[in-house]
Each structure stands twice: as structure tokens, then as C-alpha cells.
Protein chains: 2
Amino acid sequence: MRSLSPASRPSGLAELGAPAYVVLGMVHLGARSGYEIKQAVENSIRFFWTISQAQIYPGLQLLEAAGLITGRADPQGRRPRRVFETTRAGEAALRDWLTRDEPMPFELRDTGMLKVFFADALDREQALTLVRAIRKRSADRVRTLRAIEPAARAAEADGNLYPGLTLRLGIAYHQAIIDVCTVFERQSAPSRDG
Amino acid sequence: MRSLSPASRPSGLAELGAPAYVVLGMVHLGARSGYEIKQAVENSIRFFWTISQAQIYPGLQLLEAAGLITGRADPQGRRPRRVFETTRAGEAALRDWLTRDEPMPFELRDTGMLKVFFADALDREQALTLVRAIRKRSADRVRTLRAIEPAARAAEADGNLYPGLTLRLGIAYHQAIIDVCTVFERQSAPSRDG
DNA sequence: ATGTGCATGTAAATTGTTACATGATTCA
DNA sequence: TGAATCATGTAACAATTTACATGCACAT
């Protein structure tokens, strides 16, 4: 049932799932076409939420049918394009979702952590190699996120404070991982004992 | 194709996916039956990796067919039960997986962060409510993880150091989120300006 | 002319969860 | 005697990704 709804609820109206609200939120922030929404996701929330084209275009149709966005054709030359904007109902629906008192699932699937968990099956040097690998992975991520900081500051100048907060959260998260790994490596590494 | 493999590779032998290695790893750590594996997952890795019964039992069959574990019937009274242990090939396969130089995907899907990202659509007080909610969620998680610390220390006494490292990583992660939220709330909260 | 980016859309495959089906054992 | 726990297994379902299909615009 190719819906963008979560596990169908008993309720009458088909309720929207998170992917549809992502599309709605991005249109609210100024992404006009499906293509622009995809770009916006890649440039911002991809670190804690991903969404594929195959969710975006049906999502736009769903939101339009629900009256939360309106679309019109806006071809560039002979290249077809549809642009969207939120309706008043759409703005209200977005705020309703944001303030809804519902569980906010936090799902992590981390192959690195998984391997570290089982690392006692390795000898010490190999296990430490794993720890270094996940430290490096987080260090790379911190660099990637820091590179986005100027864009976040630009958004703040536009009155959008919260994307910057999610960025700081991501940086802090990975910095914490780096710190824990560094301490562990120092405690574990000496190898040549006195 | 109900396989526990990742995107089928061109290679001859069906390669095992992460869920199968989780099962193998848990058997290696002493979980003997499907039921015990499920318990072990709930008591340890569930914070960064989940797996359902419907993956465990087929996984055991797959690993047994591949010669990485051996199972035998071990009924408790009239209640049937199968217990497993790793073979030498299984231990080797586990170490091979752990040392393999391959990408270790880090996938996060966090509805809380998502809502925070779009929180500029709300008025300040409502947005802060959201920030407080994710801070509280991480505080709860830290408490849950701290409650596991004694078990991790017991595992360390048994020579299993790495489960404790993943626990410290989880705590540090959520503590970092708490800290960033706290700072943000302080900066943003005053409301009654001087 | 050719590769990259803009642009939309869907079919098929994959991956994973939920719910069901079944039944024994233990404890209150 | 009834609930909780132990124990195994699978069918049906839901959610998401990958790959395909198509074609214009623009720069080199």
C-alpha cells in the first residue's frame, strides 16, 4: 500500500507519516520542487533523517490531495517542472505535528558500535584498530558538519535558529564519541609494559 | 527471498548480513538458544542495533547450514529447545567480519531531531518545549544506560571489555545532547527581558 | 558530442516488523 | 487456575531503497 502513512491507524483519515511531514516542512522552508526538496534534505537533515526520491514525489501528491500544499506547473524552457507552496491548512498541519504529544522514536543502527561490542573476540591490537576506525569515522563526520556551519549561520540570519541547533547537536554527539574513544585508546594502548 | 544477506553480491556463496553476524556473535558470547539471543540483544545492543525473532530463527538455520554454528536438541522437560555453539569456522568467520575493511554504516533516524529542525515554524515557547522534550528523552536514556553499568562491570570481570565501551559511548552521546540543549535553553529562555 | 546537472516519476527488490500459531513450565 | 515466562517458528504486512525509464539544458 505505497502510502506515506505509518502503520495504518483505526482513525478515519489516512494520517501522514514522518516522510510526508519532511516534505511539508521542506516546502515550508522554501524548497519548491521535488528536486529542490531532495537537495535540501541532502544539505541538512540527512545526518539524522534520510528520504529518497521514491518517497518525495508520491509525498507531494499526497499532500496536495490533502490540501496542505498547492502545486502548479512552472516549466523551465521546455523542461517540465512543478512548484509547490504550503497552504494555510498546511502550515497548521505542520505546527500540529511539531507540537503533537507523541513518542519521538530515536532509532540508531550502527555497524561500527556493533563490531566494537563484539571486539573481545579479537586480539588487543585488532580490537584497537576497530576503536580507531570508529573514532576516525566520527572525526570525519565532525569535519563534514563543521563545513556546514556557515550555511547554518546564514539560516540564522534569516530567522531560522533551529537548523543550527541540530547541527550543534550532531557535532557534540560525534565529539563525545571521539573523546570516549581517545580515553579508551590511551588506557588500552601502551602495549610495551614497564 | 527471505535471506539474511545484504544486497546480493555477485560472489558465489551467499554472504551473511549484519543480522546473521549478530546472531553468531551472541552465540559466541554464550547465548545458546534463539530465545536467549533475543534476551541478550534486549539487554545489550538494543540501543544501537535491534533484531526481531523473525530474523533470529532463520539466522540460526542459515548459520548452521553454513557450518558456523552447530545445534542440538536440548528439551527442558517436555518443552522443546535447540541449543547452539560456534564452530571453529564460526569463530573465524566472526573475526573475519570484525576485521573486514568495509564501510560501517551509521544510520540515525531521529524524529525528535527532525521536529527540532523545523521548530522555527513554532513560536518560541512551543519550540523550547520541543527542545526540553529531547533533552528529557536523552536524560531518561542516560539513566537507563547507567542502570546497566553494573552488568557491564561484571562482563569486564569476565574479560569482556568492549560491551562496557559501547555503554560509555552511549552515555557520552546522550550526555552531549543534554549539554547542548541545556545551553540552548539558557540562551533562549529568559522571556522576561530586563 | 558528451558529461553533468535539472527534473519527474515508478516498478521491483530488499529489509525489517508485527502478528499469529502453538504449546510447556513455573509461580502466585 | 490464570498469568508470566520459556520456547520456536512463519505468514503477512509495512516501509524504504535501488534501479530503471525518460528527457531537457548547459557548459566544455
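Only a predicted model underlies this, so the values are computations on that prediction, with no experimental measurement involved. All heavy atoms count here, side chains included; hydrogens, waters and symmetry mates do not.
The side chain of Arg81(A) sits closest to dA7(C) out of dT8(D), dG9(C), dA7(C). Comparing dT8(D), dA11(C), dG5(C) by their closest approach to the side chain of Tyr35(A) singles out dG5(C). The side chain of Gln61(B) approaches dG9(D) more closely than any other nucleotide in the set dT18(C), dT16(D), dG9(D). Comparing dT8(D), dC6(D), dT17(D) by their nearest atom to the side chain of Gln39(B) picks out dC6(D). The Pro58(B) side chain lies nearest to dT10(D) when the options are dT10(C), dT10(D), dG16(C).
Note: CZ (Arg46(B)) to P (dT17(C)) measures 14 Å, nearest angstrom. Following rounding to the nearest Å, Arg82(B) (CZ) and dG23(C) (C1') show an atom-to-atom distance of 18 Å. Atom CD in Glu64(A) sits about 10 Å away from atom P in dG9(C), given to the nearest Å. Here dA15(D) presents its P atom at 13 Å from CG of Leu16(A), a figure rounded to the nearest Å. Atom C1' of nucleotide dA15(D) and atom CD1 of Ile51(A) are separated by 12 Å, given to the nearest angstrom. For the pair Glu42(B) CD and dC6(D) C1', the computed distance is 15 Å after rounding to whole Å. What separates CD of Glu107(A) from P of dT16(D) is a distance of 9 Å, to the nearest Å. Atom CD in Gln53(B) sits roughly 15 Å away from atom P in dA21(C) (whole-Å rounding).
Within the 3.5 Å criterion, the main-chain N or O of Asp140(A) finds a donor-acceptor partner in the side chain of Thr144(A).
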> What's the verdict on salt bridge (charged side-chain N to carboxylate O under 4.0 Å, His left out) for Arg168(A) and Glu156(A), showing C-alpha distance, side-chain angles and the deciding distance?
Replying inline: CA-CA 13 Å; Arg168(A) 290 199 290 286; Glu156(A) 275 167 21; 3.8 Å; yes
>> What verdict does the salt bridge (charged side-chain N to carboxylate O under 4.0 Å, His left out) test give for Arg132(A) and Glu125(A), after you've listed the backbone C-alpha separation in whole Å, the side-chain angles of each residue and the deciding distance to 0.1 Å?
In response: CA-CA 10 Å; Arg132(A) 285 185 206 110; Glu125(A) 199 43 51; 3.4 Å; yes
> When every nucleotide of nucleotides 22-28 of chain D is labelled 5' to 3' by its protein contacts under 4.0 Å (heavy atoms), B for base, S for sugar-phosphate only, - for none, what sequence of letters results?
Replying inline: -BBS---
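For Ser33(B), no side-chain nitrogen or oxygen approaches OP1 or OP2 of dC6(D) to under 4.0 Å. Within the structure, a side-chain polar atom (N or O) of Gln55(B) is placed less than 4.0 Å from OP1 or OP2 of dT17(C). OP1 and OP2 of dG16(C) both lie 4.0 Å or more from every side-chain N or O belonging to Thr50(B).
With the nearest nucleotide of DNA chain D identified for both Arg109(B) and Tyr57(B), Tyr57(B) has the one nearer the 5' end.
Counted within 6.0 Å of CG on Asp96(A), heavy atoms from surrounding residues, nucleotides or ligands total more than 12; the atom is thus considered enclosed.
Listed by chain and number, the residues in a ring pair (Phe, Tyr, Trp, His ring centres under 6.0 Å) with Trp97(A) are Tyr21(A) (sequence neighbours excluded).
By the rule that hydrophobic residues join a cluster once side-chain heavy atoms approach within less than 4.5 Å of another member, Val83(B) and Val23(B) end up as members of separate clusters.
With ring centers used as reference points, Phe47(B) lies 6.0 Å or more from His174(B).
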